[in-house]
2 protein chains.
Amino acid sequence: MSKKQLIIEAALELFAKQGFEATSVQQITDHCGISKGAFYLSFKSKDELIFSLIDHFMMQITSDIDHIVRESQNEDLLLRFYFSVYQTFQRHSDFAKVLMIEQSQTLNKDLFLKMQTYEKLIDNMILTMLSRLYGEAIEQTKYDLLYCVKGFMNMYSHLFIFHHIPLDLELLAQSLVEKTNVLARNMNSPFISADLYQIVKQPLTEEISQEKLLGIIVQKVAELEDSVEKESLDLLRGQVLHPSLPPAIVKGLLENIRQHPHCKWVAYLLRGYFEKAGLL
Amino acid sequence: MSKKQLIIEAALELFAKQGFEATSVQQITDHCGISKGAFYLSFKSKDELIFSLIDHFMMQITSDIDHIVRESQNEDLLLRFYFSVYQTFQRHSDFAKVLMIEQSQTLNKDLFLKMQTYEKLIDNMILTMLSRLYGEAIEQTKYDLLYCVKGFMNMYSHLFIFHHIPLDLELLAQSLVEKTNVLARNMNSPFISADLYQIVKQPLTEEISQEKLLGIIVQKVAELEDSVEKESLDLLRGQVLHPSLPPAIVKGLLENIRQHPHCKWVAYLLRGYFEKAGLL
DNA sequence: TATAATAATGACCAGTTAGTCATTTGTCAA
DNA sequence: TTGACAAATGACTAACTGGTCATTATTATA
């Protein structure tokens, strides 16, 4: 085992017990029998360690899930998915605990972005899986289904992250497969629309690019029937390209489209965009 | 506003941004324009602050939920429950964030116990609500339903804890009501049995008392048909009261009952108990 | 106004931290 | 055995921590 790996393993154990902040480099080096100086031969800083640690495990985990989703037949796909996820949680329960404790890390921006990248990957795998399983039927509800699946993963993992109880993972997976099927086949009132999902998945701090914004607008315009909303949105598209209207008009146009349930998010995006650009 | 409240508000803001550990007392006092000394007139220590902070908000939140569950008619109970929960998350989004970041706090034992107390309260309210709504029909699945409800609460709260997006909470609540109904009426393969739930809810570090253990065993013995398992369990009950059998036999008896699906938890508890007592 | 009582301050303390670097130890070819 | 190079060490630094307390400012009372 390389020195890096040795340190990562030792650090993981301590982080799971005490958290990242509360664990000192000295403790880590003591715990794996090397000197403090040696630590800094492997890692530039304590921060680099947590980054490496997260990469180390998240790469394993995401590739595991990817493999399952790619290689399984439809009939046992979902079961194998849940089983594999919980097996991974069990195998790397310390890491799962660290992820829980240090959850999402809004604190450190870089770390947050890294985690978001992995989460997006996993989201996409789950979405692929759901589409393969249920097809067109869940087109409207797939993002809600995604959230439900992730909610299950999260909640049930508490069972073995915080308690060391031997669990029948096969049974657990079966139980969650049933829940997922029940929801997929009976849910009719989704909450998370495609564009809400897109917004939420946008990197937190990164502003939306003009290009992307225009893309979303054009798509929405195409969807809409002829109406005040459609006309307003089209005018706003023009304003994004060549700002010429006074703030009052822009504000009014935004108010027009905000009423339409399908346009709420575009309105939200546009308001943010114009505000940043000093046009509101 | 009292000085204590002033400090709590300021601290909350900083904790939400940086986390508890990473926020110094100096930063807090700077942020609310008082001296470091003045802080220690209101709180004995930094720890006491986080305790007060959690009490301050959790008391509000739990009593809100309790009120809803007590006062609502069955037909709009669930809707009002979800609506109120998310309204609270929105109103106290900083606190929700702190709870997320500092989640469950396995680190500090006292804090963990405090949170577990509140969580138990909320669990019981949700269970009461579910039983009132669905009655006997969910007797077998109620703990799974509880986990699903909590999973929804958790997952969907990400939408506004990490993004400041205006959401239609009424619609969100409706959507979750449907999901809950769908699950309650169609789920047949629960995973969380009454005794598994009991174990998980047991204070983490606290060992099980002999008394409690005997109570569980007696109950199980009463449930079982005459069988090897029943006899084994009864012998083990004797061993708890008056240890006399050699480890090998105890181990064998444990193995006997571990096979029976209803006895897995008792077996788990007994193994832990005998190990602690040096009888295994 | 004078006095007592209370509230607030911030320099200070002892302890801990991440990170550095002159020095020692180990390794291996000549 | 020697010497050159790499690996590893741990005492050290500067910064920061939670918490204290002699001192000062403010308020209430007489």
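Below, read A as the first sequence line, B as the second, and so on, with proteins coming before strands; counting in each chain starts at 1.
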Go along nucleotides 7-20 of chain C 5' to 3' and tag each nucleotide: B for a protein heavy atom under 4.0 Å from its base, S when only backbone or sugar atoms are that close, - otherwise. -BBB------SBBB
Which is it for Asp195(A) and Ser193(A) under the side-chain hydrogen bond (donor to acceptor under 3.5 Å, both in side chains) test, yes or no, and what are the steps along the way? CA-CA 5 Å; Asp195(A) 35 4; Ser193(A) 60; 2.8 Å; yes
Would the Phe89(B) and Phe95(B) ring centres measure less than 6.0 Å apart? no
Counting N and O atoms only, with roles assigned by atom type, does the side chain of Asp94(B) sit under 3.5 Å from a partner on the main chain of Ala16(B), one being a donor and the other an acceptor? no
Can you sort out the partners of Ala277(B) under side-chain contact (heavy atoms from CB on, under 4.5 Å), two or more places apart, ordered by chain and number? Leu279(B)
Between dT20(D) atom C1' and Phe43(B) atom CZ, what is the distance in whole Å? 18 Å
Under 6.0 Å from the six-membered ring centre of Phe51(A) and within 45° of its axis: does the NZ or CZ of Lys114(A) meet both? no
